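Since the structure comes first, as structure tokens, the remarks are kept for the end.
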Amino acid sequence: LSEARLPGMRIVVVGAGAIGASVAHATARAGAQVTIVERLFPGSGTTAATFATLGALAQTPRSFHELHLRGIEAHERLARELGGSWLHLDGALFWEADREKGDVLGEAVRQERAWGAPFEDLQPARVRELEPDVAIDRSVRVVHRAPRDGWIGGVELASAAVSAAVERRGARLVTGTVVAASPDGVRLDDGRSYAADVVVNAAGPDAERIARLAGQSLALGRIVGAVVVSEPAPVRLRHVLKTTATRLRPDGGGRILFYGEHFGARAGDGAHEAPDPQLGGAAISAATDVLPGLASVRAEAVRVGIRAEPVDGLPIVGRGTACDWLYHVVTRSGITLAAILGELVATDLSGRATDLHAFRPDRASLAVRAER
Ligand SMILES: Cc1cc2nc3c(=O)[nH]c(=O)nc-3n(C[C@H](O)[C@H](O)[C@H](O)COP(=O)(O)OP(=O)(O)OC[C@H]3O[C@@H](n4cnc5c(N)ncnc54)[C@H](O)[C@@H]3O)c2cc1C
């Protein structure tokens, strides 16, 4: 674990999603006086409406790929420390029935191995031993297995990290909405205010709004996405499964969670607006080829979540330009990266060296404007 020391530093963390919760835990652990301000409850934002898988496949450039691999290790450390059952590292299986897509996947896997990610090539017969309820098209010759990939329960993680920060490290959790921020601290919509030496902006898709409170702008896009969750299903499944046709994973309680890049396309820009009413059924029926046991299973819910996407695709981690009191931490792949970013932010705030230089808010590829 990081050797960060932050005795006496007053930190207000805005947002208790996977990232804010992890930052709050790591900084409180390092001795900071941490106040977490969360609008609803820990994990209630995008962290509650995500596919939440852990993996590094096809993440580039190499520094970002490495951060993903370190992210999984950091989750293991955090799980050992926090306890609970939010981390599931049973591996992921990737395959393609289409030959051309299979070649592209094979190339991506070769790149993974070259960059140090563990990958196994399995015969479909071996997969049937590992996952007896999974059906693989006869044309498929090889299935790639990432043995250390997995998924997390995002709300459980956020809740466990915030509880540990509060109960073991003296942090406080405040329910409310930050509407003003300054070098003195933050003010909430009901007039309460909290003093801080550093305000950490971990507001996820609302990070741009928090930046603007300090006259700053982050080059951040908001992309609406969605996942579908089934009712409890009569299938056995431990791995995350990814093919072009479908991506799914177990979600606890016998439920299966489905994700597709197009799922959020017809939702409005609001987490409570329903996308296409046919989506749930369509997501499950598209998966019955690989999990035939889903044939008569219905969708229980569609969850709409908003991704914060820095325009150059890389995390934004560090103090705002010309602003030493506001520290941003916002990224895509925020589930995979939550635990490692918590460690790195604590180390960074303590003044010790980190390798966060590629992810600073003032990098040229972002061209963050400081308007103060
Ligand atoms: C459909 C979908 C699939 C995804 N799949 C994956 C995946 O497989 N793997 C992966 O790693 N990532 C995935 N992601 C991305 C990942 O879910 C996010 O990067 C991550 O959840 C972001 O966490 P966060 O803590 O930054 O944001 P959030 O979870 O949104 O947390 C921000 C918190 O800030 C609070 N807040 C905001 N403004 C204020 C304010 N003014 N005052 C007080 N509180 C405030 C909100 O209430 C919220 O709880 C996916 C995202 C989506 C939408």
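These numbers were taken from a predicted model, which means no experiment stands behind them.
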Practice item. Apply side chain to side chain donor-acceptor pair (under 3.5 Å) to His328 and list each qualifying residue two or more places apart in sequence or on a separate chain. Key: Asn201, Gln216
Review point. Members other than Phe41 in its cluster, when Ile, Leu, Val, Met, Phe, Trp, Tyr link by side-chain heavy atoms under 4.5 Å?
Key: Leu40, Val155
Check your understanding: With sequence neighbours left out, what residues match Asp189 under salt bridge (charged side-chain N to carboxylate O under 4.0 Å, His left out)?
Key -> none
**Study point:** Ionic contact status for Glu300 with Arg255, cut-off 4.0 Å
**Key:** yes
**Study point:** Contacts of Glu129 that satisfy side chain to side chain donor-acceptor pair (under 3.5 Å) - sequence neighbours left out
**Key:** Arg126
Check your understanding: Under a 4.0 Å N-O cut-off, is there an ion pair linking Glu208 with Arg222?
Key -> no
Exercise for review: Please report the shortest heavy-atom distance between Ile11 and Ala32, naming the atom on each side.
Suggested key: CD1-CB, 3.7 Å
Point to revise | Shortest non-hydrogen contact between Ala18 and Thr47, atoms and distance | key: N-OG1, 3.0 Å
Revision key, fill the gap. Joining Ile, Leu, Val, Met, Phe, Trp and Tyr whenever any side-chain heavy atoms lie under 4.5 Å apart, the cluster holding Leu69 also takes in none
Revision key, fill the gap. Besides Ile223, the hydrophobic cluster formed by Ile, Leu, Val, Met, Phe, Trp and Tyr side chains linked at under 4.5 Å, directly or via other members, contains none
Review point. Ring centroid separation for Phe94 and Phe119, is it under 6.0 angstrom?
Key: yes
Practice item. Compare every heavy atom of Ala16 with every heavy atom of Ile36, then report the nearest pair and how far apart it is. Key: CG2-CB, 3.8 Å
Check your understanding: With a 4.0 Å cut-off, would you call Glu131 and Arg145 a salt bridge?
Key -> no
Exercise for review: Check for a donor-acceptor pair, side chain of Thr331 on one end and backbone N or O of Ser333 on the other, with a separation under 3.5 Å.
Suggested key: no
